[in-house]
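Reading through the structure tokens given below for one structure.
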Amino acid sequence: MSEAESSAISLTEQRLGKLDAMKARGIDPYPVRFSGKEDIHTLRVTHFGADNSLTPAEDVQPVTTAGRVVAIRDMGKAQFLQIQDQNGKIQLYAGNKTLSEEDYFVLRNLDLGDIIGIKGKPFRTKTGEPTIHADELKILSKNLAPLPVVKEKDGETYDGISDIELRYRQRYIDLAVNADARATFALRSAILREIRDLLHARGFMEVETPMMQAIASGAAARPFTTHHNALDIDLYMRIAPELYLKRLIVGGYEKVFEMNRNFRNEGISTKHNPEFTMIEIYQAYADYHTMMELTQDIFETLAVKLLGSTEIPYGEHTISLKKPWKKVEYLESIKEATGLDFAKFLGEENPSAAEAKKMAASVGLKADGLHTFWEVVDLAFSEKVEPNLIQPTIVMHYPKAISPLAKSIPGNPHLVERFEPYITGREMGNAFSELNDPLEQERRFNEQAAQKESGAEETMATDDDFVTALKVGMPPTGGLGIGIDRLVMLFANKASIKDVILFPLLRPNK
RNA sequence: GAGAAGCUAGCUCAGUCGGUAGAGCAACUCCCUUUUAAGGAGUGGGUCCCGGGUUCGAUUCCCGGGCUUCUCACCA
């Protein structure tokens, strides 16, 4: 291509020109297959040593590998290239002395972002760089939409991409270009696997329950609505699998879990995505103490197996996941932080929201939009206590009024056997001894409905069939839910949930 | 939903007190067969997010819109 020709056309058009040039020579720029690809990381270890201490022999057997071209250094009739696959990067050396005429033509028409397959002997250059002397070089996929060029030296990255439009909307570019993004989602996958392994090893069974439900219950949140045409009914995307999983305990399974998406029709933030992944775990003949142990075991196991230590970095903090974690009482923690003692209202049938607001105002809290006493108390907790729970903390014994699915503490009818683990100032989960008294459950649902009547924004919907299930009989059961996205944020040391969800919800752009 | 900030070349960013814009990398031409943020010489590349308004003239000022980020609200 002449300079004049290149002047007025886009990068894509230039590459289309190279594509046509290849086709004109009978080279298929998108061949059907490439056989025998070796993993780049593996062949590096094999031929250069895990600590980069080996040097391949002169008569070493050639290797075959493939990957995306991420760097080209043109030396005239020879070039240094770098290719990258899922697990690694390696330098190639290729020139007209050893390549066939056709392969050399491909080399001369390579662009950053092309995917190539090569065969050649590993060797070290003068400067010691592990390299493959590519004696065969095939184009496997021609790049037409140029990738950002990222250069590195001494671990420092130059240029790179920071544009959110690319990072989140076109995640494939983020993954192709940013090693950190690839590492984050590989870690996410490893976390899911480790959690499943741990539960399977303890005899739990993974199940799948409906994501489209006629009644969205099991949590207090606004659901998405959808419609089934053949039945001509509206359905809700589930906000929690809880009530279905407990039906399975009724049915006789004793250890079940489900790890999958929930959907809540609420705002988007660095900590919220409308669809998010939860794991819910139920164990019959167990209680919330069992779930406390399990929670700590899960976090500790992940830390040790995936990061090699119970001490893990998060932002400016070092989080110690070693059990046992600190335990605090819900109301006691509020009293300590604010001096406000809400416990004395526990016995009251219907404590006044106005009274709670007055108390909250005395410590500078505005509770204007809230309608019930315990909503105001919860505000005090989330404002004054939650942000300070940096190290793992188990907050236990919540008021019954805000825990419609949890069992009361024997001898203390106003508090329930419930806890929430907090780490880095964020709620990581929710667990309790499951309420299995059907008549009591019915009363709790009715109380929720009454709260809704009196103006509470979000309450739990009544599910009559679930009450029927409890009437059949559910053994004493411990249940635990953990927000997987936030858990991954913790282990991946990410501040935004969008950094740990491959395709976070964004407004479509036209 | 509210407030603040951002949007300029493929990428990362300057800049224009209103006169249609620059750098580095990438691209293109040329030199170079052990380089590695390779190097050297040269060339091109922009609806300055979109639409109105003011103006002789708007990428710049004003109004409206779009998308994103941050904070707040709702929530996990």
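By convention in this document, chain letters (A, B, ...) are assigned in the order of the sequence lines, proteins followed by strands, and residues within each chain are numbered from 1.
Taking atom CD on E13(A) and atom P on rC28(B), their separation rounds to 14 Å, with Å as the unit. In this structure, CG of D135(A) is placed 18 Å from P of rU33(B), rounded to the nearest angstrom. A straight line from CG of L11(A) to P of rC25(B) spans 15 Å, rounded to a whole angstrom. One interatomic measurement links the two molecules: CD1 of I173(A) to P of rC11(B), which rounds to 8 Å at whole-angstrom precision. Rounded to whole Å, atom P of rG10(B) lies 16 Å from atom CG of D111(A). Distance CD1 (I132(A)) to P (rU35(B)): 18 Å, rounded to an integer number of Å. Atom CG of N109(A) and atom P of rC28(B) are 9 Å apart (whole Å). Rounded to whole angstrom, the span from the CG atom of L16(A) across to the C1' atom of rC28(B) amounts to 16 Å.
Picking from rU69(B), rU33(B), rU34(B) the nucleotide with the shortest atom distance to the side chain of N96(A) gives rU33(B). Residue K18(A) places its side chain closer to rC28(B) than to any other of rC74(B), rU33(B), rC28(B). Set against rA73(B), rG66(B), rU33(B), the side chain of E383(A) has rA73(B) as its closest nucleotide. For K97(A), counting side-chain heavy atoms from C-beta on, the closest listed nucleotide (rC74(B), rU34(B), rU33(B)) is rU33(B). The side chain of F123(A) sits closest to rU34(B) out of rC11(B), rU33(B), rU34(B). Distances were taken from every side-chain heavy atom of E266(A) (C-beta onward) to each of rA26(B), rC67(B), rC74(B); the shortest belongs to rC74(B). Of all nucleotides listed (rU35(B), rC32(B), rA76(B)), rA76(B) comes nearest to the side chain of E427(A). With rA26(B), rU35(B), rU68(B) as the candidates, the nucleotide lying closest to the side chain of L112(A) is rA26(B). Comparing rU69(B), rU36(B), rU33(B) against the side chain of Y168(A) picks out rU69(B) as the nearest. Nearest to the side-chain atoms of S269(A) among the listed nucleotides rC25(B), rA73(B), rU34(B) stands rA73(B).
Residue K151(A) places at least one side-chain N or O closer than 4.0 Å to OP1 or OP2 of rA26(B). Between R264(A) and the phosphate of rC74(B), there is no side-chain N or O to OP1/OP2 separation shorter than 4.0 Å. Side-chain N/O atoms of R169(A) include one lying less than 4.0 angstrom from OP1 or OP2 on rU68(B). A close approach under 4.0 Å does not occur between any side-chain nitrogen or oxygen of R73(A) and OP1 or OP2 of rU36(B). Within the 4.0 Å cut-off from OP1 or OP2 of rU69(B), at least one side-chain nitrogen or oxygen of K498(A) is found.
Separating the C1' atom of rG6(B) from that of rU12(B) is a span of 15 Å, rounded to the nearest Å. Taking atom C1' on both nucleotides, rU54(B) is separated from rA26(B) by 40 Å, rounded to a whole Å. Between rU60(B) and rC31(B), the two P atoms lie 45 Å apart (nearest whole Å). rG15(B) and rA9(B) have their P atoms separated by 15 Å, given to the nearest Å. On the P atoms, rC50(B) is 14 Å away from rA58(B), given to the nearest whole Å. If you take atom P in rG22(B) and the same atom in rG46(B), they sit 13 Å apart, rounded to whole Å. With both ends at atom P, the span from rC17(B) to rU59(B) equals 15 Å, rounded to whole Å. Taking atom C1' on both rG51(B) and rA76(B), the two are 40 Å apart, rounded to the nearest angstrom.
Cation-pi geometry between R261(A) and F276(A) is not met: the NZ or CZ atom fails to fall both under 6.0 Å from the ring centre and inside 45° of the normal. Judged by the 6.0 Å and 45° rule, R418(A) forms a cation-pi pair with Y398(A).
Taking 3.5 Å as the limit, the base of rU33(B) and the side chain of Q79(A) contain no donor-acceptor pair of atoms between them. Under 3.5 Å, the side chain of T127(A) and the base of rU34(B) form no donor-acceptor pair of N or O atoms. For Y93(A) against rU33(B), a side-chain-to-base donor-acceptor contact under 3.5 Å is present.
From T301(A), atom OG1 reaches atom CG of L198(A) across 5.0 Å, with rounding to the nearest 0.5 Å. From W325(A), atom CH2 reaches atom CZ of F299(A) across 5.0 Å, with rounding to the nearest 0.5 Å. Taken to the nearest 0.5 Å, the OG atom of S496(A) stands 9.0 Å off from the NZ atom of K271(A).
Under the Watson-Crick or G-U wobble criterion, with both distances below 3.5 Å, rC67(B) is paired with rG6(B). Using Watson-Crick or G-U wobble geometry with both donor-acceptor distances under 3.5 Å, rA58(B) finds no partner in any strand shown. Shown here, rG1(B) forms a base pair with rC72(B); the pair counts as Watson-Crick or G-U wobble because both key distances fall under 3.5 Å. Across all strands shown, rC17(B) remains unpaired; no Watson-Crick or G-U wobble contact has both distances below 3.5 Å. Across all strands shown, rG45(B) forms no Watson-Crick or G-U wobble pair with both distances under 3.5 Å.
Few gaps surround CE on M211(A); more than 12 heavy atoms of other groups in view lie less than 6.0 Å from it.
Taking the centre of each ring, F342(A) and F381(A) stay at or above the 6.0 Å mark.
N273(A) comes within 4.0 angstrom of a base, heavy atoms only. In this structure, Q91(A) reaches the bases: a heavy-atom distance under 4.0 Å links it to at least one base atom across the strands shown. Nucleic acid contact class of D485(A) (heavy atoms, under 4.0 Å, all strands): none.
The only option from I132(A), V45(A), T65(A) that meets the side-chain contact (heavy atoms from CB on, under 4.5 Å) definition with I40(A) turns out to be T65(A).
The stacking criteria are not both satisfied for F80(A) over the base of rA38(B), which would need a centre-to-centre distance under 5.5 angstrom and an angle between ring planes under 30 degrees.
Each of S496(A) and K271(A) has a nearest nucleotide on RNA chain B; the 5'-most of these lies closest to S496(A). With the nearest nucleotide of RNA chain B identified for both L505(A) and N262(A), L505(A) has the one nearer the 5' end.
Classified by interplanar angle (parallel below 30°, tilted 30° to 60°, perpendicular above 60°), the ring pair F419(A)/Y288(A) is tilted.
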